Amino acid sequence: AGPSRMSGPTRTNDGVTWWAFDFGPKGSPSFAQFYVADQTCVYSKQQGFGWIPCRDGHPAVESNFGPGSATVPGLGERDRAGKGSVSIDALYRDLVMTSRYYHTQVRQTFALDVPNGKYRVMTMHGDIQYGRPGKQSFWIEAEGQKVVPEIVLPVSLCGDVVFETTVQDGQLDLTFDSDDPDPASCGFILNGLVVVPMTTPQEAAFADKRMPLVRAAIQRERDDYFARTFKEVPYVETATMVQPTAADRQQGFVAWTPSWMTLIYPNSVPTAEDVKHPLTSFATPGEYEPVVVAVRALQALPGVTVQVGDLQGPAGSRLPAAAWDVRTVKCWPQRKGSSWTTEYQIMPELLEPARPLDIKADTTQEWWLTVKVPDDARPGEYRGPVTVKTAAGKQWQTTLQFRVLPFRLAETERVVGMYWRDERVSGEVLDQQVRDMVAHGMRGVTINQAPEISAVDGKLVVDTVKLRAFLRHLRELGLRGPVPYNTNFTSAIKRALPGADLNDAYPQVIAALEQVSSDPTALKLLHYPVDEIGGDDKRGQTAHDLCALIGKVPGATSYITVNNYAGGEKWGDTFDIWCGNIDYTVEQEQKLLAAGKRYMRYGSSYVNDCRKSRNNCGFGFYKRPAEAMYFWHYQAYNGDPFNDLDGDARDWCAAYPGPDGTPIPTMDWEAHREGIDDMRYIATLKQLAAKAEQGEAGQKPAAEQALAELQAVLATDDTITQTRWAESLTHDQYNALRWRLAQQILALQEVLGR
């Protein structure tokens, strides 16, 4: 309790003396008066605790940098919250660490002088900005014995381990070490340390209580921070609820089937018109398509489920219940507006695997039902039941009418892709994420995996074997590129070959990468040396200069995100691809295209609005003159991904990491797929129209009619706003635009005799 710092790590409670450390920079706050030990906290006999410096990789009692030196080779420190801000709590916001990426000395020992006896030790670990959940690469040794061989961090990226050890020489030695072939992953993270004696029964009882108290104090600090920092902006329902029927009252709820683009909040209510809305949809073989069901509880409802039965179709065919993925829509706190706002709202976002739900009285719950139409589905009309059931035996049922269309969708003319942290995942989790992106229509991703840059006999050596294999693997999983590729490796060049002339060395590395990029079994790389130049002249100058060097390599393509148009005009003459943010005007687009630039766009994947997310890679995007759209971000988060309010900014997740790594989709993510499907309907129509134009005389009018209808659909709204295109249409009217394209595709098929 209290904001003041202790002058040392020793404290006494209930007659027991124990020790507590908070590791991090000197300027970072102290958690619960723990002693702040930074990277210069070197052991001395007078102090009685600290890091033991190493000489040639071996621990030395005194610093090998001279008497009184405050240097521990290889030990670093970070404060992830930054100046003037608090992240999740004072303990986990900062840390000390090692990394082979920065220094060869990874193994470090922290010593604490204590009386001989038995001790219970708690260590805290986590990096809320650059950490990764799951098994870590480091371990802990106490008194020369490995006591924690494996550390596994939860999805919150913050966790602790507790172990016991016995001291016989008056000093507790804790050693942290790591082993990983990737230098960036080889190292340890340490946020806090608690040491409690447990030699006597009194001390053992104290130790049993102390560790839970520390965890409770961490949670209390987080709760207090939340209460004084964040403000809820409640959703206000303005609709008038339909008068429940006698049947509704008897079953205890009102059920209805809104458009999947309607946002349903816990206090949303069905109107008289809503309950009349039919449950209908259509799709092609291989296509995904969602429908939704919502329930307004009139009383407390135990164990509510939603089930889709077999849909019966033409000539005895059926669309099996197993083709449907049933999920519950989770409403939870999300930042409202800016990523850095302190205002939040309980809003619908996450689509969790369905399970029986208990619904409180006067509360609304939504279910999201997605079908993947089997590839061999017979075209025609299908009908089948959708049933809401409660554990008390009450149920409501409606009929789903679903049409399977007799054609398959073509690939889109334009690329839609995702920003992605490939360096944070591996193995099956990586494959799951890529398969998920491909299933949602994504063709490209950004990657960060660097080549191995070294020097032999004074010459630069670029090893791209792993990169080539990685790109081939992504292609095998279904991606087709292009791939904006982080080529900010000037520091790696300088480390490998100090004094190297960047004007010669950088193009040499790009040339090696282009050999991979031109491999037809890999993916095309877009060299991406600087992100978001903004109005920063230093970043703009760097982007300008490095893109000029990229331009020296035949076939190499440079890519820069330009979030400040004036900055792009100033520095962009060397860029091949000008990737502008989603707010560009028509005049700005025309100007950069007139300058001969290839034009792509990027924007947010997390707008918490299905209609806007659909527009951003569907009709709204298609109205822009850009060749590709890349979204930030597939899965980037601060701290716990399931807590949007535990970091300095929101979590940027199109899909969230499930317990086993399996992606959990959001409504925005599903809406992106629907937008891409809109573009696939456009591409299908245009391909068939092109065949009809080249066909017999009687086929050409059908092509003219189809293309005229496409132009009429696109002319529904001439607004330049990609996100808010056709905003005046109702959701049903918006869906009718796709149906108009489908009708023209059917007409073209008929005249082409297919």
Side-chain angles (χ1 to χ4, degrees), residues 132 134 180-185 286 410-454 460-489 492-493 496 506-529 550 553-559 576-577 579 598 600 627-631 633-636 654-655 657 661-663 676:
R132 54 191 295 180
D180 194 288
D182 180 6
S185 299
E411 190 63 85
T412 61
E413 298 170 343
R414 304 185 190 182
V415 170
V416 180
M418 296 298 295
Y419 275 76
W420 181 46
R421 288 180 169 170
D422 59 294
E423 75 281 10
R424 298 284 187 94
V425 290
S426 61
E428 180 57 25
V429 173
L430 183 147
D431 290 0
Q432 287 176 333
Q433 291 190 0
V434 176
R435 285 193 290 262
D436 184 46
M437 286 187 273
V438 170
H440 282 79
M442 303 297 155
R443 288 162 58 185
V445 293
T446 67
I447 65 171
N448 299 292
Q449 185 173 127
E452 296 180 9
I453 300 174
S454 60
L460 210 61
V461 176
V462 184
D463 186 346
T464 59
V465 172
K466 291 182 180 179
L467 175 63
R468 187 188 299 266
F470 181 55
L471 292 173
R472 286 174 173 171
H473 184 59
L474 295 183
R475 176 173 283 277
E476 290 169 355
L477 291 171
L479 290 174
R480 292 297 177 263
V483 173
Y485 177 50
N486 179 8
T487 47
N488 182 20
F489 39 64
I493 293 173
Y506 192 84
Q508 181 181 337
V509 177
I510 296 296
L513 295 172
E514 266 309 292
Q515 292 183 1
V516 177
S517 182
S518 60
D519 184 343
T521 66
L523 296 170
K524 173 63 178 176
L525 299 175
L526 306 179
H527 302 285
Y528 186 8
I550 293 168
V553 180
T557 304
S558 58
Y559 166 104
D576 293 316
I577 295 177
C579 188
R598 289 177 59 186
M600 296 181 179
E627 64 180 84
M629 177 76 197
Y630 282 86
F631 286 100
H633 189 280
Y634 180 73
Q635 209 170 89
T662 302
I676 292 170

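As the structure is a prediction and not an experimental result, all values here were calculated from the model.
- Scanning all heavy atoms of the two residues, the minimum distance from G555 to K524 falls at O-NZ, 2.8 Å.
- Between R598 and T557 there is a side-chain heavy-atom pair separated by less than 4.5 Å.
- Counting heavy atoms from C-beta on, the side chains of H473 and V434 never come closer than 4.5 Å.
- Using bins of under 30°, 30° to 60° and over 60° for the plane-to-plane angle, the ring pair F470/W420 lands in the parallel bin.
- A pairwise comparison of heavy atoms in L460 and Q508 identifies O-NE2, 3.0 Å as the closest pair.
- The line from OG of S454 to CD1 of I493 is 12.0 Å long, rounded to the nearest 0.5 Å.
- Judged purely by atom type and a 3.5 angstrom limit, Y506 has no side-chain atom pairing as donor or acceptor with the backbone of F489.
- Within the 4.5 Å cutoff, the side chain of P657 has no heavy atoms near those of the R424 side chain.
- Shown here for H527 and A556, the closest heavy-atom pair between the two residues is CD2-CB, 3.9 Å.
- For P529 against Y559, the heavy-atom pair with the smallest separation is CD-O, 3.9 Å.
- Residues N486 and T446 have side chains not in contact (no heavy-atom distance under 4.5 Å, counting atoms from C-beta outward).
- Atom CD of E476 is separated from atom OG1 of T521 by 8.5 Å, given to the nearest 0.5 angstrom.
- When atom types are taken as modelled, the side chain of R443 and the backbone of T412 share a donor-acceptor pair closer than 3.5 angstrom.
- At distances below 3.5 Å, at least one donor-acceptor pair connects side-chain atoms of S518 with backbone N or O atoms of E514.
- Closest approach of G478 and V438 over heavy atoms only: C-CG2, 3.8 Å.
- You'll find the side chain of M600 stays beyond 4.5 Å of the side chain of P484, heavy atoms only.
- R475 places a side-chain N or O within donor-acceptor distance of the main-chain N or O of A522, the cut-off being under 3.5 Å.
- Counting all heavy atoms, side chain and backbone alike, G481 lies closest to V415 at O-CG2, 3.8 Å.
- Once rounded to the nearest 0.5 Å, the distance linking OH of Y634 with CZ of R421 reads 14.0 Å.
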